[in-house]
There are 4 protein chains.
Amino acid sequence: MSQARAESTGDTGAAEAATKKPGTAAGPARPRRRQARGEARIAQLLKAAADVFCTTGYTAASTNAIAREAGVSPGTLYQFFPNKEAIAVELGDRLLTRWQETYGAALQAVRRDQPLDRVLDATLDPLIEFNCANPAFTVLMHGSEIPGMPAKDHDAVHVTMLARVETIIAGYLPDAPPADVTRVATMIFNLVKAGLDVIMAYEGDEREAYIRELKTILYRYLEPMVRDGAHARPDPADAPPNGG
Amino acid sequence: MSQARAESTGDTGAAEAATKKPGTAAGPARPRRRQARGEARIAQLLKAAADVFCTTGYTAASTNAIAREAGVSPGTLYQFFPNKEAIAVELGDRLLTRWQETYGAALQAVRRDQPLDRVLDATLDPLIEFNCANPAFTVLMHGSEIPGMPAKDHDAVHVTMLARVETIIAGYLPDAPPADVTRVATMIFNLVKAGLDVIMAYEGDEREAYIRELKTILYRYLEPMVRDGAHARPDPADAPPNGG
Amino acid sequence: MSQARAESTGDTGAAEAATKKPGTAAGPARPRRRQARGEARIAQLLKAAADVFCTTGYTAASTNAIAREAGVSPGTLYQFFPNKEAIAVELGDRLLTRWQETYGAALQAVRRDQPLDRVLDATLDPLIEFNCANPAFTVLMHGSEIPGMPAKDHDAVHVTMLARVETIIAGYLPDAPPADVTRVATMIFNLVKAGLDVIMAYEGDEREAYIRELKTILYRYLEPMVRDGAHARPDPADAPPNGG
Amino acid sequence: MSQARAESTGDTGAAEAATKKPGTAAGPARPRRRQARGEARIAQLLKAAADVFCTTGYTAASTNAIAREAGVSPGTLYQFFPNKEAIAVELGDRLLTRWQETYGAALQAVRRDQPLDRVLDATLDPLIEFNCANPAFTVLMHGSEIPGMPAKDHDAVHVTMLARVETIIAGYLPDAPPADVTRVATMIFNLVKAGLDVIMAYEGDEREAYIRELKTILYRYLEPMVRDGAHARPDPADAPPNGG
DNA sequence: GATGAATGAGTCTTCATTCAT
DNA sequence: GATGAATGAAGACTCATTCAT
């Protein structure tokens, strides 16, 4: 939890995700069987990309820099990725997969009847842990850097995670109108993203304190809602009387 | 606030440009008189820069594009700003000034003894209004696009606004330890930034709904604190029992 | 007629074609008044482009090579031309203009009632002379190097010259159906292009001999047609009995 | 005709590859046995190369594209051809061979005493037919795309076909000086090439019309010559009176 | 033989910045 | 002050070719 950027460590585990033995399930493209070396290179390149994205952001990241960081020539990079965007997409895919594989079961096990604070712990702790181990996840989760711009392909992490949040929220607010669920989920998601940024900027006790703070915010925001089981008009003790 | 037009001394480390007060500069001070024409040009350039920053983001914005948008030549731009960063710095300065001039008095008038919801309205509504009128403010408020990176010069808006929030919060939590105040202020600030992004992405009723949502979040987060006058251990009804 | 590649010799004459004083006739673009130096650079770049096109062909020509040949940096080239194609387009435009200016009047003076051989001399000699002075004209006249591909922008010379030939032919075959005129013009044009290629490959007496040969071909092809004033069924003495 | 598969000795000047007869090579001759499998591969690659050349032209064709089109890896391609040029050379060789094999006997049978129109039919129809079946032939026949440039290796088709034409013409003009024969043959050849381009660009009736037109041109050009049996001064009825 | 991986120079193009007029 | 010209180092991406398995 303390070692930053450890993703894409050439571990074959992640590599397999894209290996697809030919004949097993013929994808749309030809079964261009990848050699082991190639898989390693891909992992290496994605690790380098994660580093560069974290250091400079997606926009300022250059494919040449990624190749250099990976210790290969630009041409090699383009043997595996058709363009810069595809690198981000694949990186996002793999992180999402790893996220799912690592915490999916645990998250599934979160019961709706548990107290909210437990639910928040069970949901946020893995996310924070994962982001600390894979800082690129935070970067990709931010999606398009230009607000109001149409989502690009490399926003997949953003889109997927938002959808995930919406699903969870919907489970807790079964009686709320869909528009409200979407709105709450959107706020929660962005709130968590922002909180994550702050959390990642600190270490040790300060980080822990910020984590608690984020949980407090979420708890107080959600508690009145789940208490009612809906995004109902909050009672006067919980929300501003004039319009909140 | 107007020292950004540093001489084009080719200094790449333009860091000092934002710290030295006018007149303090020891370097070969060129005549820095600002004529009416110059002021108009600067305003014109900053307006163009704001547009371009909003459209493409700071990183992808090109000085040539800014000059083109302003209808002047690149050379002219560089007669007023030593580099791209200085444009953002000056733009931030001016927005901050305008913000102060427009809403400073009103914000000052917010009395601590008013109910929290009133305070939130009185604080957020101007901010939202101002951001709608000056979308570049949102962009600059985000500061460095790379979380965890050392703040750059054009993060001034970020830094200043954060300080401003901290001051306000400190006023409401007079008995809380400074570290707590900083932490709460940091969370609030980032939360508001994130909320602002979402709000700006919508229009009309949806926007109003998101504004209400943001206020609700802030209200529920802050209400227990201001009720106690400190960042005290929240009582069991308001925070997760396990404190984390 | 003997000195190869002499086009775009920085002569202001050709430069004026694009100079358009602002206010005279507001074009679609802004009146971005070009400085004299810029016009010179354009001429220089077009000359370099002509050289490179002649040496390597359009496809293999690189913008860097053109810039290098012109003795400027790549960036300078792109200050005047948005891309490689535009260079060819502008070069073609200017050559066409120069062609018109140099020989337009003379060609206009060719009377339809003159004997065919005179007409051929009056038409081909200028063309040959012009191509010897501007070898790039030949290159551009060939247009798209991939037969069957849709015409690109830089095929303008090709298209324009073909149209010109068709107009001339139409004048000589007033009673022929349009399809026939087009067909004859197409054949003539391609025949001349091919002949020009050969002619340009030789010098001195050999070149003269090839010029005569080309004229003979054209004469014998056209003579029966203009004799009849139409692309009529040729009489048996002039065409193959079985199908020509 | 099959010596193009030179060892990949990295010699860039592959000029000798097209001139040395098999067995004559003094270099370190590797086993050049061609197995059935190898033949199939080569045919496959050449077919792909023909397609790509026709689609993009020789210059823009990439060896990777050829390999991809052939469904093999780049490495495989280079196991059979030392470089891109060699592919064109071998393709040209094979097309020439096929041309010879398919129509050689028929062309040989063309008797000099037949009427010219019959000769033209007997000569051109096969050529057109062959080009329609093998469009790459047209592409290769054009040889170097840069007029005036020294012929490259892949110009073999160009050179060979020109020689072939010259031989034929020589047979019809036994009394003409060699220089005249060469000149006439050169003109004829280029004229046919140009005509072929046009013909290939059309289909159906239009194509037939263009074929007739090309034959007419050739007939009218050649008829006076063969009538005299020499490239004599054409009589006044056939050529421009001023001779040039 | 065959494959995919690797290369590095090269292509087109952009950009922050400086210069001459 | 203002302009357009100039720069050269990147940036994304390609390609002919070679290498290791």
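Lettering of chains follows the sequences in order, A, B, ..., and the numbering in each one begins at 1.
In this structure, C/Ala67 reaches neither bases nor backbone, as no heavy-atom distance under 4.0 Å exists between it and the strands shown. Residue D/Ser62 is classed as a sugar-phosphate contact, given heavy-atom separations below 4.0 Å to backbone atoms only. Within 4.0 Å (heavy atoms only), D/Thr63 reaches at least one base atom of the nucleic acid. In this structure, A/Ser73 reaches the bases: a heavy-atom distance under 4.0 Å links it to at least one base atom across the strands shown. Across all strands, A/Ala60 comes closer than 4.0 Å to no nucleic acid atom at all (heavy-atom distances).
Following rounding to the nearest Å, B/Leu77 (CG) and E/dT18 (P) show an atom-to-atom distance of 12 Å. With rounding to whole Å, B/Asn64 atom CG is found 13 Å from E/dT13 atom C1'. Distance C/Phe80 CZ to E/dT13 P: 16 Å, rounded to the nearest Å. Separating the OH atom of A/Tyr78 from the C1' atom of E/dG10 is a distance of 14 Å, rounded to the nearest angstrom. Atoms CD (A/Gln79) and P (F/dT17) sit 16 Å apart, rounded to a whole Å. A/Arg68 places its CZ atom 16 Å from the C1' atom of E/dT7, with the value rounded to the nearest Å. Summarising the geometry, the separation between NZ on B/Lys84 and P on E/dC15 is reported as 9 Å, rounded to the nearest angstrom. One atom, CD1 of D/Ile66, and another, P of F/dT14, lie 17 Å apart when rounded to the nearest Å.
C/Phe80 places none of its side-chain heavy atoms less than 4.5 Å from the side chain of C/Ile87.
Under the 4.0 Å criterion applied to side-chain N and carboxylate O atoms, B/Glu90 and B/Lys47 are not assigned as salt-bridge partners.
Between B/Ala65 and B/Gly75, the residue anchored nearer the 5' end of DNA chain E, judged by the nucleotide with its closest heavy atom, is B/Ala65. Nucleotides of DNA chain F nearest to A/Thr76 and C/Arg41 differ in position, and the one nearer the 5' end is that of C/Arg41.
Within the shown strands, E/dA2 is the pairing partner of F/dT21 under the Watson-Crick or G-U definition, both distances less than 3.5 Å. The pairing partner recorded for E/dA9 is F/dT14, the criterion being a Watson-Crick or G-U wobble arrangement whose two distances lie under 3.5 angstrom.
Distance OG1/A/Thr76 to CD/A/Gln44: 9.5 Å, rounded to 0.5 Å.
Among E/dG4, F/dA9, E/dG8, the nucleotide with an atom closest to any side-chain atom of C/Pro74 is F/dA9.
Side chain of B/Lys84 to main chain of B/Thr59: a donor-acceptor pair is present (N/O by atom type, distance under 3.5 Å, no hydrogens or angles).
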- Message: For a side chain to side chain contact (heavy atoms under 4.5 Å, CB included) check, start with the C-alpha distance between A/Phe81 and A/Leu46, then their side-chain angles and the critical distance, and finish with the verdict.
- Response: CA-CA 10 Å; A/Phe81 301 101; A/Leu46 290 177; 3.7 Å; yes
